[in-house]
2 protein chains.
Amino acid sequence: MKLEKITQLPNTRSKRHYEDACAAAHALDLVGERWALLVIRELMMGPKRFSDLRESLPGISANVLTQRLEGLEAAGVLVRRKLPPPASTQVYELTEWGYESEPIFQALGRWAARSPRHDPTLPFSTASFLLSLRTMLDSKRAEGLEARVGFRLGEETFLAQLAGGRIEISRSALQGADLILTGTPPVLAGAIYGGQPLEALEKAGALQIEGDRALARHFIGLFPLPPKASIPA
Amino acid sequence: MKLEKITQLPNTRSKRHYEDACAAAHALDLVGERWALLVIRELMMGPKRFSDLRESLPGISANVLTQRLEGLEAAGVLVRRKLPPPASTQVYELTEWGYESEPIFQALGRWAARSPRHDPTLPFSTASFLLSLRTMLDSKRAEGLEARVGFRLGEETFLAQLAGGRIEISRSALQGADLILTGTPPVLAGAIYGGQPLEALEKAGALQIEGDRALARHFIGLFPLPPKASIPA
DNA sequence: CTGTATCCGTGTTGATACTG
DNA sequence: CAGTATCAACACGGATACAG
């Protein structure tokens, strides 16, 4: 008669959370669940649909994505919005406060780039590639440069504007770009972070360069990786 | 004879990890499990023993703490060290790279301090209080100030040195301090972040002030909180 | 006294199949 | 396309027992 266990009180304290006044701990209550931060990362360059999110998050399952979207909406990190007709499709978009979480990704990324176990050959999403540029730009090296670099990544195009040692990147058309790079995020990352020569990638057909080729060579040198941490025996 | 179950293959792919080249995702593979970041936070002000960690992490269970310590050691974030006799007790200490994770906490903390749901009345550990000072110091306001502020928090003492708009905090004896504050982390946080008047806390016996009282009033004004985010309906 | 290992009830996660 | 339903595997947290 194990069916008698209807007496389960299902929600004493429905969610698991740290009982801790520390703001960082609170942040983990909000976005510390598995996949939550990666969902936010994927929305960092602008709104996306449910299935766009699924595609760019290798391995997330539909039900978990649903739960995370619900949780993040309840937390005030994102909103679901219906695009006006004729598109009429639903998208998820970060709130202003949601967009302000970018420094979290930068801190995580800068730190983990030094990890001895970091494997840069895994799948690389468009959003993380573009965020990595914002994170890794060496403002000293970019100081004197003023330029517009366009990216064609799959269906989408993005424009990076360099000025005053800073970089701004947004979804945008590419007119007025001094240079346009076309390829997949892993290939572009190979050129920028992996030191792979542009010519070789071009010959292999993995990369196309239109416009100022000298700028291309300069540009890919603006994003130095930190040295690996040496771990004790 | 349940002992026959040795046939369990325990590690097909022993750990759950994101298959993602993004460095931030890799960071989450290393320190994204529940409790991992809070363990690191507690070690941020110096080495601790197993039971110190348990005490300062309300709600963690012994087996989970063991697992996290193993995982973080394997990742190269911390090491276990045996103190020389006669103390001969084992402590956990962050590696240099482990200490470099502090910007992660600052980014998380700054962001979540704006959360509409942040509840600052929960338990507050010594480590998170001291880290919050490093995080929230307004360097403009601290610009001209040169001072040493001591803290007596339970058994331990810490010295905060202000100079050139920056703050350094370390476990240390308190000689040479211009001001010494004694109390619990929640009380001190109430004064610094909650705007509770020093005199009231002192009269209530929750706080003791030794030394330069004008400095105390100045000091608690150096750590402004950001405004709450307004979340959409 | 300081950690570690094991058992166990429960909640969370993830893969597949399925529905509006 | 945008999710729900189901179910198995795992992770968490509590208790307890064990080892130096």
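Letters A, B, ... mirror the listed sequences (proteins, then strands); counts begin at 1.
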In whole Å, I'd like the distance from the [atom1] atom of [X] to the [atom2] atom of [N].
{"X": "B:W35", "N": "C:dT12", "atom1": "CH2", "atom2": "C1'", "value": "16 Å"}
{"X": "A:K48", "N": "D:dC1", "atom1": "NZ", "atom2": "P", "value": "14 Å"}
{"X": "A:R16", "N": "D:dG14", "atom1": "CZ", "atom2": "C1'", "value": "13 Å"}
{"X": "B:H17", "N": "C:dG14", "atom1": "NE2", "atom2": "P", "value": "12 Å"}
{"X": "B:F50", "N": "D:dG20", "atom1": "CZ", "atom2": "P", "value": "16 Å"}
{"X": "A:R54", "N": "D:dT4", "atom1": "CZ", "atom2": "C1'", "value": "12 Å"}
{"X": "A:L53", "N": "D:dA2", "atom1": "CG", "atom2": "P", "value": "9 Å"}
{"X": "B:Y92", "N": "C:dG3", "atom1": "OH", "atom2": "P", "value": "6 Å"}

Margin query: Any N or O donor-acceptor pair under 3.5 Å from the base of D:dG3 to the side chain of A:N63?
Written below: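 Donor-acceptor pair under 3.5 Å: no.
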
Which part of the nucleic acid, if any, lies within contact of [X], taking any heavy atom under 4.0 Å across all strands shown: a base, the sugar-phosphate backbone alone, or nothing?
{"X": "B:R68", "answer": "sugar-phosphate"}
{"X": "B:S51", "answer": "sugar-phosphate"}
{"X": "B:R49", "answer": "sugar-phosphate"}

Result block: side-chain N/O donor-acceptor pairs under 3.5 angstrom for residues 38-46 of chain B, not counting sequence neighbours:
{"residue": "B:R41", "atom": "NH1", "partner": "A:D20", "partner atom": "OD2", "Å": "3.2"}
{"residue": "B:R41", "atom": "NH2", "partner": "A:D20", "partner atom": "OD2", "Å": "2.9"}
{"residue": "B:E42", "atom": "OE1", "partner": "B:K48", "partner atom": "NZ", "Å": "2.9"}
{"residue": "B:E42", "atom": "OE1", "partner": "B:S56", "partner atom": "OG", "Å": "3.2"}
{"residue": "B:E42", "atom": "OE2", "partner": "B:S125", "partner atom": "OG", "Å": "2.7"}

Check: Are the side chain of B:T95 and the backbone of B:V77 linked by a donor-acceptor contact shorter than 3.5 Å?
Finding: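 It does hold such a pair.
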
Next item on the list: Identify whether the distance between the nearest side-chain nitrogen and carboxylate oxygen of A:E55 and A:R49 falls below 4.0 Å.
Entry: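 So A:E55 does not pair with A:R49 through a salt bridge.
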
Item checked: B:R80/B:E70 salt bridge by N-O under 4.0 Å criterion ->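 Between B:R80 and B:E70 there is no salt bridge, as every charged N stays at least 4.0 Å from the carboxylate O atoms.
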
Checklist line | Angle by which the axis turns from one end of the helix from C:dC1-D:dG20 to C:dG20-D:dC1 to the other, five pairs per end, to 10 degrees | finding: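 One end axis against the other gives 30°.
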
Item checked: Aromatic ring pairing B:W97/A:W111, orientation class (parallel under 30°, perpendicular over 60°, tilted between) ->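 Parallel.
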
Next item on the list: Would you indicate which nucleotide in C:dA15, D:dG13, C:dG3 comes nearest to any side-chain atom of A:S61?
Entry: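 Of the options given, the side chain of A:S61 lies nearest C:dA15.
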
Item checked: B:Q67 side chain, from C-beta outward: closest of C:dT4, D:dG3, D:dC12 ->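 Selected nucleotide: D:dC12.
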
Check: Closer than 4.0 Å, any side-chain N/O of A:R80 to the OP1 or OP2 of D:dG3?
Finding: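 For D:dG3, OP1 or OP2 has a side-chain N or O of A:R80 closer than 4.0 Å.
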
Check: Within the pair A:T89 and D:dA2, is there a side-chain N or O less than 4.0 Å away from OP1 or OP2?
Finding: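 Answer yes for this pair, as a side-chain N or O of A:T89 is under 4.0 Å from OP1 or OP2.
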
Item checked: Verdict with reasoning, B:R68 to B:E73, per salt bridge (Lys or Arg N to Asp or Glu O under 4.0 Å) -> CA-CA 8 Å; B:R68 290 303 163 273; B:E73 184 174 21; over 6 Å; no

Margin query: Does A:R134 qualify as a cation-pi partner of A:F105, given the criterion of NZ or CZ under 6.0 Å from the six-membered ring centre and within 45 degrees of its axis?
Written below: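 Geometry flag: not set, cation outside 6.0 Å or 45°.
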
